[in-house]
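What follows is a short report on a single structure.
Given the structure is predicted, the values throughout are model-derived calculations rather than measurements. Just so we're on the same page: letters track the sequence lines, and every chain starts at 1.
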Amino acid sequence: MKQFAALYAELDTLTASNAKLAALTSYFAATPAADAAWAVYFLAGGKPRQVVPAKVLRQAAQAAAGLPEWLFDECYDAVGDLAETISLVLPPASSTVDIPLAQWVADTLLPLRGEPPEVQHAALSRMWQQQNRLERFVGIKLITGSLRVGVSRLLVTRALAAVSGIDAKLVAQRLVGYTAQAVVAGKALPDAAAYLALIAPAGNGGVQRGGQPYPFFLAHPWQQDVAAMAAQLGSPAQWQVEWKWDGIRAQLVKRAGDVWVWSRGEDLVTERFPELQAAGATLPDGTVLDGEILVWLDGQVAPFALLQQRIGRKNLGAKVLAAAPVILLAYDILEWQGVDQRTLPQHARRALLEQVLADYHPPGIQRSPLVAGDDWAQLATLHTSSRARGVEGMMLKARDAAYGIGRTKDVGTWWKWKIDPYSIDAVLIYAQAGHGRRASLYTDYTFAVWDKPQGDATRALVPFAKAYSGLTDEEIRKVDAIVRRTTVEKFGPVRSVTPTLVFELGFEGIAASSRHKSGIAVRFPRMLRWRQDKPVAEADTLADLQMLLQPGSTAANA
Amino acid sequence: MPIQSPDNPLIIARPEGLYCPAGDFYIDPWRPVARAIITHAHSDHARVGHGHYLATQAGEQVLRHRLGDIALQTLRYGEAVSHNGVRISLHPAGHVLGSAQVRIEVAGEVWVASGDYKVEPDPTCAAFEPVRCDTFITESTFGLPIYRWQHSDALFAEINQWWRANAAQGRVSVLFCYAFGKAQRILRGVDASIGPILTHGAVAPLNDAYRASGVALPATRRVAELAARGENKAAYAGALVLAPPSAAGSTWMRRFGDYSDAFASGWMLLRGARRRRGVERGFVMSDHADWPGLLWAIEQTGAQQVYVTHGQTGVLTRWLGEHGIAAHTFHTQYGDEDEGVGQQQDEATQAAAAPMDDAADSAHRAEQGPEEGAAP
């Protein structure tokens with residue numbers, strides 16, 4: 001645990017990828033396999049399902065530190081991170097012992113799950129009595145499952161490749177599903193054997209395990225003008241063009257009589273989608289499809305909001321399944337008859353996909369339609385109809401591309417050609433301090449539009465969206481200073497301000513919503529730019545937002 | 001204990017600053033007034049433009065360096081004067097050289113205004129001395145239980161280790177720190193045998209003022225002096241450079257080639273603050289009292305009533321209230337020298353006070369060729 005905590009502290013101070021890689025490599029080289037197994041698990045984004053509720057952690061920390069709840073909350077507001085807050089308020093340890101990571105996970109972390117709060121509370125207090133500040137911090141991070149130390153999965157992959165001397169691509173492939181293997185294999189842990197299999201020489205342990213998916217091939221954003229397309233991309237005939245669907249990217253795996261559905265985050269989501277489980281069962285063993293999970297109603301795609309609501313449901317009753325039925329819109333085939341198809345060119349995989357779907361007619365799996373166009377101008381015209389079709393734009397896939405790993409271009413390229421976001425000029429009315437790097441800076445804002453047109457003396461600002469991304473550090477500092485200066489009231493961590501700031505907000509989707517005061521919910525809102533030129537009175541109105549609700553409408557002030 | 005006089009307080013908050021009606025003077029006022037008592041020379045507490053200044057003898061050199069020609073009367077720590085029937089004395093606050101708590105007494109009632117203070121030992125200034133009083137006015141910069149400073153031996157061991165490791169690789173160690181107080185405390189605390197110590201133009205005159213006041217500091221050289229002699233990058237190898245935070249990211253830094261940077265401040269306790277600062281290392285070092293320090297100091301005064309100024313006023317006021325001490329808040333315009341208003345103003349003052357260095361530095365910049373010269 002001490003070594004892992006020290007690694008965390010080191011990674012936390014480093015910014016250069018190469019330095020982080022060196023730190024990881026020397027850690028793995030010096031760490032026993034059983035501990036390295038867990039280190040890989042946590043660093044690659046593995047999270048044990050909630051072990052201890054945050055509430056119990058807070059209560060145990062308050063008791064151990066002898067602080068009233070309000071004061072602990074004040075501390076948390078200043079720090080912006082629960083694990084860090086707790087590590088700072090606890091009294092010094094009586095004595096510290098060094099327990100190997102694997103043993104700590106097995107003896108301390110995992111047994112906490114499912115215990116009643118009193119038992120968890122007592123176990124946490126015992127644990128803290130033996131840890132220094134850093135170990136407490138890292139330990140709580142592992143318990144809450146949010147390590148966030150700026151290490152990507154790719155970096156872990158490269159470190160393992162460096163330690164073992166095997167190809168990083170092979171490691172990447174073996175690592176797929178590693179963080180979820182408890183579920184796949186039915187047995188609990190990434191153990192020493194699992195770690196050794198990751199770094200075993202090529203040819204050993206390279207066989208697809210159980211329901212393991214392939215690493216997803218990801219697209220690059222296409223951000224240039226239509227005019228540049230012919231020069232950059234050549235003729236559209238060299239590209240397989242599809243709509244870009246707004247759903248959940250997923251792989252459906254059918255092997256040995258079982259079906260697995262994996263989301264892009266490599267979460268196993270089979271149980272969320274019984275329709276796809278049933279559909280997969282009709283396919284032969286040794287089949288892996290790549291596509292998009294969508295709610296499909298009356299032969300067309302439903303807004304993402306509906307899919308989101310369904311994901312949130314704990315129980316999938318008949319009513320939910322009828323109200324929001326899903327399909328897999330398949331666009332690629334990665335394995336057929338147990339053979340990896342990823343090195344086939346895109347057009348050949350497409351032909352195989354069409355053949356398989358035609359032969360087996362799996363209910364609930366459709367093929368993603370191709371979009372035809374003689375030239376880019378014609379495709380661009382079609383592209384403008386994206387919003388009316390409920391899609392986010394187009395995908396351009398090189399016809400001769402193999403299926404790559406992650407966001408790579410070495411075996412061919414996928415481009416995502418997205419439509420411009422909706423945009424609206426809104427007024428900042430509330431601000432809240434951010435978390436992590438942005439703790440104690442006001443970075444999370446609530447935005448409002450006017451409920452009546454300009455000139456109406458009775459009009460008021462109606463909040464409709466929260467956003468916290470899109471500003472530079474410099475802009476954040478300026479806005480933070482203005483928020484502090486113009487604060488009207490404080491409600492806990494939130495400040496209301498005199499409206500003085502106007503921002504152009506961008507968002508991907510918009511839907512009517514009875515749960516919001518404004519009657520409108522927007523998807524992925526972010527700040528496109530600070531309209532320092534625009535007075536508050538000239539910000540947009542609710543009517544402007546409502547106009548965007550019409551299908552096919554474009555941004556109000558683009 | 002005399003009875004409190006809520007209708008006749010010895011100190012009240014006015015738009016100009018903390019004011020003593022009985023004596024008709026201010027303590028650390030932020031607007032020009034006729035008579036001011038200055039607790040210490042940080043720019044949010046010591047401003048130009050007052051008619052008459054009263055401050056400690058220990059801090060005279062520094063205060064004059066910062067404020068120039070002022071009508072200054074000084075007192076030794078513990079020495080008392082009487083003004084309009086108010087007995088005034090100054091007592092060590094342990095914050096920086098010459099920092100004081102202001103004790104005022106009228107008809108047996110005693111109020112103490114702390115200014116900024118810390119309770120841990122600091123060899124560059126007199127140690128904080130608790131003063132019994134009826135009403136204590138305390139700062140609260142780090143008034144949250146998360147703030148608990150480690151012992152300064154451990155802190156300097158960390159700094160020395162960082163410097164030594166960089167020096168071993170021939171790298172320069174640039175430590176950003178507040179030029180007045182923090183820089184001298186670091187100078188006094190580090191192991192000067194590791195390598196040469198260089199200072200930015202904003203730090204050097206404060207070192208001189210400290211030395212002139214009798215505080216022993218290791219030998220330092222100005223970066224501008226090396227630059228003026230046309231020494232190359234090799235001259236900096238293995239050195240510790242003390243510079244104000246404003247130098248970070250400036251063209252001034254380019255001369256050091258491969259360097260490691262760090263920032264010394266109490267705020268460096270928090271991971272978010274460290275990451276925002278964007279330096280390789282954050283050393284947790286403050287000249288303000290931590291949470292246990294604040295509570296200890298308040299308890300030592302025996303005060304029945306406490307006014308809380310700048311920092312975590314809401315938190316400390318509530319905590320004291322829940323522990324049987326009548327606590328209120330004074331709204332002041334004091335900042336924290338590491339962040340916020342105090343810093344920029346202070347550095348502006350320092351820059352103005354060190355024209356020679358600035359001139360030397362900019363002359364050197366101009367000599368560096370088109371790339372440097374083109375930089376804004």
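- Here the side chains of B:Arg274 and A:Asp12 are in contact, with some heavy-atom distance below 4.5 Å.
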**Prompt:** Stepwise, does the side chain to side chain contact (heavy atoms under 4.5 Å, CB included) test hold for A:Leu88 with B:Tyr147?
**Reply:** CA-CA 7 Å; A:Leu88 291 171; B:Tyr147 295 110; over 6 Å; no
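- Judged as a side-chain hydrogen bond (donor to acceptor under 3.5 Å, both in side chains), and not counting sequence neighbours, B:Asp290 has no contacts.
- In this structure, B:Gln169 places its CD atom where more than 12 heavy-atom neighbours from other residues, nucleotides or ligands lie under 6.0 Å away.
- Between A:Cys75 atom SG and B:Ile146 atom CD1 the span is 5.5 Å, to the nearest 0.5 Å.
- In this structure, the portion of A:Phe137 lying under 4.5 Å from any heavy atom of chain B is its side chain and not its backbone.
- Atoms OG1 and CG, from A:Thr85 and B:Leu270 in turn, are 8.5 Å apart once rounded to the nearest 0.5 Å.
- Around CD of B:Gln161, the count of heavy atoms belonging to other residues, nucleotides or ligands within 6.0 Å does not exceed 12.
- Remark: the A:Glu74 side chain and the B:Trp319 side chain contain no N/O donor-acceptor pair separated by less than 3.5 Å.
- Heavy-atom contacts from other residues, nucleotides or ligands closer than 6.0 Å to NZ of A:Lys2 number more than 12.
- The number of heavy atoms from other shown groups lying within 6.0 Å of CZ (B:Phe156) is above 12.
- Residues B:Arg148 and A:Arg133 have side chains in contact (heavy-atom distance under 4.5 Å, counting atoms from C-beta outward).
- Among A:Thr13, A:Leu71, A:Leu14, the residue making the largest number of heavy-atom pairs under 4.5 Å with chain B is A:Leu71.
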